[in-house]
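What follows is a set of notes on a single structure, which appears directly below.
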Amino acid sequence: MTKAAITLGTIDCWDDAKGFGFIQISGQKQQVFLHISALANKNLRPQAGNRVQFHKIKDKQGKWRAQQAQLLSGGAVKSNRKITSAHNRFNIGLALGFISILSIAYSQQHVPLWLLIYFISVSLVTFIAYGWDKRSARKNRWRVSEFKLHLLSLIGGWPGALLAQQWLRHKSSKGRFKLVLWMSIGVNLALTYLIYWSMQNGAF
């Protein structure tokens, strides 16, 4: 990892329960990950809108994170968004609803058991991958690449991805990542419908 000079930024969002957030640097699109352990003064609790100075470094995945961060007195500005502990009910409902529909379809012999087990298994693996990536981010260890997370969603693990985003609060604030995830969900649902249609018409 390479260490940079002192950088100034504003905490754009902060989850105090989880102990992490993101710093926005003026004029830059990419945000910097900030963990509570990176603060020089552990007695201070950051808030969205706080000004902060820090050393900006890249982890093994090439993503920016803050080190030796210090909160600056005053200079608070209004944040663009805030991470909250409230679950996104739509995402959770979609993920659990899809698995429930598959279960009902299996009980009525519309889909085979292997298809239900497949989606549950891949979703579980995806959920664990998100959890591992979040833990690695906190401990500055080897991360799970976004490509692999998206690939897991594409092949059927998207219910686990949606649940992980809401319950683990991981990858839930990055607009581009969420856009690719929803594209993966759309493709996977289309393929699932194609498989179902083929089964109903005797293709399988």
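With hydrogens and angles disregarded, no donor-acceptor distance shorter than 3.5 Å links the side chain of T10 to the backbone of N50. Judged by distance alone, the side chain of D133 and the main-chain N or O of V144 form a donor-acceptor pair under 3.5 Å. Side-chain N or O atoms of S123 include none that pairs as donor or acceptor with a backbone N or O of I120 at under 3.5 Å.
With contacts defined as side-chain heavy-atom distances shorter than 4.5 Å, the pair Y106/I101 does not qualify. Between H55 and T7 the shortest side-chain heavy-atom distance does not fall below 4.5 Å. Two residues are said to be in side-chain contact when any heavy atoms from C-beta on lie closer than 4.5 Å; L8 and V52 fail this criterion. Between F127 and L168, some side-chain heavy-atom pair lies under the 4.5 Å cut-off. In this structure the side chain of V122 reaches within 4.5 angstrom of the side chain of I155, judged on heavy atoms. Looking at N188 and F119, their side chains come closer than 4.5 Å, going by heavy atoms from C-beta outward. In this structure, the side chains of I6 and F54 stay at 4.5 Å or more apart for every pair of heavy atoms. Side-chain contact between D12 and Q31 is present, with heavy atoms from C-beta onward closer than 4.5 Å.
Cluster membership check: L191 does not share its hydrophobic cluster with L116, using side-chain heavy-atom separations under 4.5 Å among Ile, Leu, Val, Met, Phe, Trp and Tyr. A chain of hydrophobic side-chain contacts below 4.5 Å, direct or via other Ile, Leu, Val, Met, Phe, Trp or Tyr residues, connects Y118 to L189. In terms of hydrophobic clustering, with Ile, Leu, Val, Met, Phe, Trp and Tyr side chains grouped at heavy-atom distances under 4.5 Å, F90 and W158 are assigned to a common cluster. When the side chains of ILVMFWY residues are joined at heavy-atom separations under 4.5 Å, either directly or via intervening members, Y130 and W167 end up in a single hydrophobic cluster. A single hydrophobic cluster is not seen to contain both V180 and W182; linkage of ILVMFWY side chains at heavy-atom distances under 4.5 Å, directly or through other members, places them apart.
The nearest pair of heavy atoms linking H110 to Y196 is O-CE1, 3.8 Å. Heavy atoms only, all atoms of each residue included: S184 and L154 are closest at O-CD1, 4.0 Å. Scanning all heavy atoms of the two residues, the minimum distance from L34 to A66 falls at CD1-CB, 3.8 Å. For the pair A129 and L152, the tightest heavy-atom approach, listed with the atom from each and the gap, is CB-CD1, 3.9 Å. Contact between P46 and L39 at its shortest, heavy atoms only, is CG-CD1, 3.4 Å.
To the nearest 0.5 Å, atoms OG (S121) and CH2 (W114) are separated by 12.0 Å. Taking CD1 of I23 as the reference point, atom CD1 of I11 lies at 6.0 Å (rounded to 0.5 Å). The CZ atom of F147 sits 11.0 Å away from the CG atom of L149 when rounded to the nearest 0.5 Å. Atoms OG1 and CD1, on T192 and I185 in that order, are 11.5 Å from each other to the nearest 0.5 Å. Between atom OG of residue S37 and atom CD of residue Q67 there is a gap of 9.0 Å, rounded to the nearest 0.5 Å. For the atom pair R143 CZ and W132 CH2, the distance stands at 12.5 Å (nearest 0.5 Å).
When T126, L181, I92 are each tested for a side-chain contact (heavy atoms from CB on, under 4.5 Å) with L162, only one passes: L181.
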Point to revise | Pair F33-F20, side chain to side chain contact (heavy atoms under 4.5 Å, CB included): steps then yes or no | key: CA-CA 8 Å; F33 178 80; F20 73 90; 3.6 Å; yes
Practice item. Go through the steps for F22 and W14 under the test ring-ring contact (aromatic ring centres under 6.0 Å, His included), then give the verdict. Key: CA-CA 7 Å; F22 292 91; W14 179 260; 9.6 Å; no
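Within 6.0 Å of CD in Q108 there are more than 12 heavy atoms belonging to other residues, nucleotides or ligands.
Under the 4.0 Å criterion applied to side-chain N and carboxylate O atoms, K63 and E146 are assigned as salt-bridge partners.
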